[in-house]
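Keep in mind the model is a prediction, meaning the values are calculated, not measured.
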Amino acid sequence: MVLPAVLDIAPCLVPLAALGLVLLMAGATITRIRRHETKLVVVDLVHVVLAGFVAWGRFGRESFIG
């Protein structure tokens, strides 16, 4: 998710990709909770937090203008 912004190749897609990953990992966390896989929920939550951090840091007017 960081590489397109560094190489200046479609940096406007970075926040959208991060947001998509947040939604995907949130669904994975809910699925693991329903399946009672409590040890792996922590790993999914770490991924949600990291992707959320990238999405939060990249969203803004300058993210879409370049």
Side-chain angles (χ1 to χ4, degrees):
M1 284 188 294
V2 179
L3 196 57
V6 171
L7 297 176
D8 199 30
I9 300 172
C12 62
L13 297 179
V14 174
L16 298 175
L19 185 61
L21 188 58
V22 167
L23 295 174
L24 182 72
M25 294 310 297
T29 303
I30 292 169
T31 301
R32 289 198 191 271
I33 290 171
R34 287 184 180 175
R35 294 178 65 184
H36 303 290
E37 298 174 353
T38 55
K39 291 181 182 178
L40 297 174
V41 170
V42 175
V43 175
D44 291 336
L45 288 175
V46 168
H47 286 121
V48 168
V49 168
L50 290 175
F53 177 73
V54 172
W56 177 64
R58 293 288 178 177
F59 265 113
R61 180 175 160 84
E62 62 275 355
S63 297
F64 295 102
I65 293 175

Might you point out which heavy atoms bring Leu19 and Ala55 nearest each other, and give the distance in Å?
-> N-CB, 4.1 Å
Euclidean distance, Leu40 CG relative to Thr29 OG1, rounded to 0.5 Å | 10.5 Å
Just jot down the side chain to side chain contact (heavy atoms under 4.5 Å, CB included) partners of Leu23, sequence neighbours excluded, or say none.
-> none
Side chains of residues 31-39: which donor-acceptor pairs under 3.5 Å do they make with residues two or more places apart or in other chains?
unit_1, atom_1, unit_2, atom_2, d
Thr31, OG1, Gly27, O, 2.9
Arg32, NE, Asp44, OD2, 2.7
Arg32, NH1, Glu37, OE1, 2.9

Please tabulate, for the side chains in residues 11-18, all donor-acceptor contacts under 3.5 angstrom to protein atoms that are two or more places apart in sequence or on a different chain.
none

So which of Val49, Val48, Val43, Leu50 actually passes side-chain contact (heavy atoms from CB on, under 4.5 Å) with Val46?
-> Leu50
